[in-house]
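Here the structure comes first, spelled out in structure tokens, and everything after it is commentary.
Per chain, numbering begins at 1; letters A, B, ... match sequence-line order.
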2 protein chains.
Amino acid sequence: MTTTTQGFATIQQRDLVNQIADMLTEALLKGDFAPGVHLAEAQLARDFGVSRAPVREAARLLESRGMLVSQPRRGFFVRTFNADELEDVYDLRLCLERHAVRLLAGKLTDEMEAALTHQLEKMRQVARDGTAVQQIEEDVAFHRMLCEFSGNQRLVRVFDELCHEMRFCILLIGQLYDDAMRVADTHEPILEALRTRSPDAGEAALDYHIGVAQQRVMEMFRERAKR
Amino acid sequence: MTTTTQGFATIQQRDLVNQIADMLTEALLKGDFAPGVHLAEAQLARDFGVSRAPVREAARLLESRGMLVSQPRRGFFVRTFNADELEDVYDLRLCLERHAVRLLAGKLTDEMEAALTHQLEKMRQVARDGTAVQQIEEDVAFHRMLCEFSGNQRLVRVFDELCHEMRFCILLIGQLYDDAMRVADTHEPILEALRTRSPDAGEAALDYHIGVAQQRVMEMFRERAKR
DNA sequence: AATTTTCAAACTGTCGACACTCGACAGTCG
DNA sequence: CGACTGTCGAGTGTCGACAGTTTGAAAATT
């Protein structure tokens, strides 16, 4: 890691593709583009002041993340979500995290427990004084830890993909956390079950926690869809 | 390799990228490229008789499918697998299919049952007179049906990704099915559990079935890794 | 007025070219 | 003899251009 090589560098010539992908992602999450709208390569290229090639690649990247879809000869469009798709995402997420918790219950180390406890504390902190975006990020970070500590890296990758989609939906809905502190608290039972190394209790706690979140999101989504 | 440079480009107005991606996939699965080897864009472009742009995009596509990896300024390399990664893939697959079977047990229709029964028959048929590739494909098709009938499309997408990786590994190992008929038969208990609409029995049958498959693949993989 | 046809602008898919970077090799200097 | 430096070839990142397609609206027809 920290070899004696100079500490500078490494930040300079970062790919245009990644920069563009990041900007596009941000713009999408901020809601600058309505779902279903057509993204013209040439237009974006002009906006970013680059040629179409890197824009194209960035768009492909976002497509693989499920934030854009492409149609042959027609180009890229902002991904639209319907209630069923959103439900699938949450269902799959539950499937993954259940598995993660089950694995984790059998191998939880003190370091892991400390990290999770610390993360929960962080959630409570931003629940007091933090933005909605921060609250969502810290929440996601907790769940991501569960996946990461499970030891299955492939599972983490899928979880990350799902998170992209969930963020996309959630920020598309508007705010979500009316009582962030209570939301933070509902993570406690999961951690508690892990502390006792009980897979079943962990799974049950998770079922309840994610079930509530899903119900809440779905409700707001359906309500919003009416307009 | 299959340089169809002059083979003439039928209706290539359609989508060069997908054609190239398919050819590359086939070449990878056939083992034309050793794991870890560098794929030069210009070289591939010459081989395919096209420019670098579509090759690049196809490579990005395969990267998102986990068959290639890229390093900035260095290009694309054939994905390498180690035993841990392969284990993660199988573990995740089990997680997904368990969930699928659980869901499916509660909603199995006659049509679905018929389709699964038919697929199982097909597996037995290619077990008698079919190539190893066919046997693998029909096997995968059965499991894919389980996912598809679960109703969660997002789950199917992840399953497909995993299949790509598993195929990649399996064909990299060499043959697998020494007794294809017996392998086909081990799907029967899963179907039987579904017929009785029992989630627990289905899960148990699946656990056993995939557990055996994983053990077998891992064993061969480790053995091969020694060389 | 409604519907079909025509047509031009906009856009995508693909291509060839150029600049810059990386790694290897050889030559230079201590 | 070994370490450093300059050079060269290979390869990626990016660009501008061209051809064929799609789109949307004006023009023509019923």
Indicate, yes or no, whether a donor-acceptor pair under 3.5 Å links the base of D:dG11 to the side chain of B:R52.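 Check fails, no donor-acceptor contact within cut-off.
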Hey, is the side chain of A:R74 pairing donor to acceptor with the base of C:dG13 inside 3.5 Å?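 Side chain to base: no pair present.
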Take atom [atom1] of [X] and atom [atom2] of [N], then tell me their distance rounded to the nearest Å.
X: A:Q71; N: C:dT12; atom1: CD; atom2: P; value: 12 Å
X: B:E63; N: D:dT12; atom1: CD; atom2: P; value: 13 Å
X: A:H38; N: C:dA9; atom1: NE2; atom2: P; value: 19 Å
X: B:L39; N: D:dA10; atom1: CG; atom2: C1'; value: 15 Å
X: B:R56; N: C:dC15; atom1: CZ; atom2: C1'; value: 14 Å
X: A:L16; N: D:dG16; atom1: CG; atom2: P; value: 12 Å

TODO: Under 4.0 Å between any heavy atoms, over every strand shown, what does A:I20 touch: base, sugar-phosphate, or nothing? Just pick one.
DONE: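 Touches nothing.
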- [ ] Take B:R65 and B:E165 through the test side chain to side chain contact (heavy atoms under 4.5 Å, CB included) and record every step on the way to the result.
- [x] CA-CA 8 Å; B:R65 289 184 191 161; B:E165 298 176 54; over 6 Å; no
Distance-only polar pair, side chains of [X] and [Y], donor-acceptor under 3.5 Å:
X: A:H99; Y: B:D91; value: yes
X: A:E138; Y: A:Q119; value: yes
X: B:Q43; Y: B:D47; value: yes
X: A:D139; Y: A:H143; value: yes

Can you identify which nucleotide, out of [options], has its nearest atom closest to the [X] side chain?
X: B:V17; options: C:dC15, D:dT12, C:dT14; value: C:dT14
X: B:R73; options: C:dT14, C:dT12, C:dT21; value: C:dT21
X: B:A40; options: C:dC11, C:dG16, D:dT12; value: D:dT12
X: B:E41; options: D:dG13, C:dT12, C:dC15; value: D:dG13

In short, the helix from C:dA1-D:dT30 to C:dG30-D:dC1 is bent end to end, axes from five pairs each side, to 10°, by 10°
Is a salt bridge present between B:R60 and A:E57, judged by a nitrogen-to-oxygen distance below 4.0 Å?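 Yes.
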### Message
Please list all pairs meeting side chain to side chain donor-acceptor pair (under 3.5 Å) that have one or both residues in residues 26-40 of chain A, counting only residues at least two apart or in different chains.
### Response
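Pairs touching residues 26-40 of chain A that pass the test: none.
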